[in-house]
Amino acid sequence: MNISNRRISKHLSLRNDLVGLLPYESFDTPVPVRLNTNENPYEVPELVKSAVVESVESAVSGSNRYPNDNFLSLREHLANYIYTLEKLRFSADSIIAANGSNEIMLEIFQAFGGPGRACLSFSPAYSMYPQFCRDSFTTLVEVPRVPDKFTIDIEKAVKQIQETAPSIIIITNPNNPTGTYTCTDNLRKILQAAENTPVKGADADARAVVIVDEAYSDFRDSTHETSLKLMSEFPNLLVVKTLSKAFAFAGVRLGFAIASPDIIRALRIVRLPYNLSTITQAVVIAALKHAPEMLGAVEEIKRERLNMFDQLKYLKYQGEPFLVVPSQANFIQVGFSSNLPNYQQLPEELHAYMLKNGVLIRRVGAPGYFRVTIGKPQENEHFITILKLWLNN
Ligand code: PMP
């Protein structure tokens with residue numbers, strides 16, 4: 001039964017703005033090739049599995065008590081992890097963690113959004129941002145990205161920041177669903193505009209917090225920089241990361257943010273107490289001790305991304321080449337040419353054909369586009385084979 005398609009009874013005093021809405025729909029039906037949710041396709045390595053099991057065994061006996069609410073040890077391990085990844089050192093009091101980066105971002109919206117305030121984002125962007133706005137009563141203002149390139153038009157962005165005077169600016173980098181990367185110089189311009197713009201609906205001295213959602217940053221090429229480099233220049237910058245993607249831990253639910261201790265203190269006001277269970281803390285600490293093994297497939301996924309990109313580039317639908325967007329993430333956004341009269345319906349048709357053949361892709365983003373996650377080599381090959389069959393039909 002699909003519970004998400006059931007309407008909510010009129011006899012419930014549901015908030016007026018939620019009436020008629022449906023919950024987020026996750027696709028839980030088993031499908032052999034799942035290229036829809038941007039997970040790392042490789043299971044947790046055996047060595048790490050044993051370490052995690054051992055750690056849970058010792059943690060579980062203390063589970064009659066509430067968990068350590070301060071989770072200093074976890075935050076220190078996260079600080080070391082960031083150092084291993086980026087060679088940048090942050091103190092544990094610059095870090096906060098939650099059950100996935102979605103939870104962290106909701107906390108940010110609860111603390112810095114609110115009625116009479118706005119959040120600026122660059123669309124198409126991650127599909128949960130509108131929900132964070134809705135749930136925190138923040139107005140969402142979307143600045144469209146450049147058509148078909150999906151980069152941010154910086155002049156337009158700066159102008160929009162000045163006009164909207166938002167309390168939150170959010171940038172996904174690399175962007176989901178487009179895979180495009182915003183370079184440090186452009187991020188700096190956005191941060192500077194935020195620094196120079198008083199926030200509507202706040203104290204005259206208040207300036208927007210700028211969230212860079214780096215969920216997929218570990219898949220970027222080494223020529224691109226992390227926005228953590230800008231942290232010392234901009235006290236209102238918040239970088240959000242997750243263990244759900246490159247780190248292959250989507251099922252564990254652990255996201256974290258790096259920001260000034262002041263911002264972290266603000267987030268602690270809205271955070272639910274004891275949000276990270278004793279078991280989550282034990283599991284994550286054990287796995288972080290094996291970070292290189294957990295990240296072991298990243299280079300292979302990047303090679304496969306290139307391979308997939310090269311193959312997609314040469315495919316055509318009714319003589320029109322696919323629009324394949326260069327990606328710095330573990331997925332690729334692909335579009336049908338707008339010269340095709342029915343280009344907006346084609347992702348839907350392809351999705352249905354793929355599903356019939358055991359492959360799950362995602363219809364998301366700009367009209368006429370779909371997104372495919374990079375899987376294991378044989379999964380990617382299977383996707384290309386089914387795609388060619390569909391094209392030759
Ligand atoms: N940010 C982006 C851009 C995402 O695509 C996702 C997951 N799809 C998340 C954040 C949330 O990840 P999680 O809650 O698993 O950390």
Side-chain angles (χ1 to χ4, degrees), residues 23-28 34-41 44 74 78 81-82 95-110 119 121-133 135 140 142 145 150 152 168-182 187 210-220 226-227 238-258 267 271-272 275-277 280 283-284 287-288 294-295 301 325 327-333 360-365 369-375:
Y24 179 91
E25 202 169 346
S26 53
F27 202 105
D28 295 330
R34 302 180 62 121
L35 305 179
N36 64 327
T37 44
N38 302 340
E39 294 133 327
N40 184 327
V44 173
L74 173 64
L78 286 169
Y81 173 59
I82 297 161
I95 297 173
I96 190 166
N99 298 284
S101 55
N102 278 341
E103 186 175 301
I104 289 275
M105 287 191 278
L106 184 59
E107 288 173 356
I108 300 171
F109 277 74
Q110 286 172 332
C119 165
S121 100
F122 301 93
S123 60
Y126 178 38
S127 60
M128 285 299 289
Y129 301 157
Q131 186 167 324
F132 301 146
C133 284
D135 292 346
L140 177 63
E142 293 184 281
R145 287 172 175 258
F150 301 106
I152 296 177
I168 299 172
I169 298 168
I170 189 158
I171 306 152
T172 332
N173 210 26
N175 188 38
N176 177 14
T178 63
T180 34
Y181 209 80
T182 305
L187 284 178
V210 179
I211 307 169
V212 182
D213 178 353
E214 286 199 347
Y216 302 97
S217 181
D218 304 323
F219 296 108
R220 72 183 196 270
T226 167
S227 51
L238 256 150
V239 180
V240 175
K241 289 186 168 280
T242 180
L243 300 187
S244 296
K245 308 298 177 182
F247 198 83
F249 238 21
V252 171
R253 311 303 298 128
L254 200 286
F256 56 106
I258 305 110
L267 296 179
R271 182 186 79 97
L272 289 177
N275 63 330
L276 285 184
S277 78
T280 301
V283 168
V284 172
L288 284 172
M294 291 299 284
L295 295 166
I301 292 169
V325 185
S327 172
Q328 287 294 305
N330 65 334
F331 53 82
I332 298 181
Q333 188 186 232
L360 203 48
I361 55 169
R362 186 89 192 265
R363 296 148 295 167
V364 70
Y369 280 86
F370 66 92
R371 191 190 69 194
V372 56
T373 303
I374 308 299

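All values reported here derive from a predicted model rather than from experimental measurement. Atoms within a ligand are numbered from 1 in the order they appear, just like the ligands themselves. By convention here, the first residue in the shown sequence is residue 1.
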- Those residues that, when tested against F122, pass ring-ring contact (aromatic ring centres under 6.0 Å, His included) (two or more places apart): none
- Task: Classify the ring geometry between Y369 and F150 as parallel (under 30°), tilted (30 to 60°) or perpendicular (over 60°).
- Result: perpendicular
- Considering all heavy atoms, the nearest A250-E39 contact: CB-CG, 4.1 Å
- Message: I'd like the contact residues of ligand 1, where contact means a heavy atom below 4.0 Å.
- Response: G100, S101, N102, M105, Y126, T172, N176, D213, A215, Y216, T242, S244, K245, R253
- Can you list the residues that meet the side chain to side chain donor-acceptor pair (under 3.5 Å) rule with S244, with sequence neighbours excluded? T242, R253
- Message: Please enumerate all residues that pass ring-ring contact (aromatic ring centres under 6.0 Å, His included) together with F249, with sequence neighbours excluded.
- Response: F247
- Aromatic ring proximity, centroids under 6.0 angstrom, F331 and Y216: yes
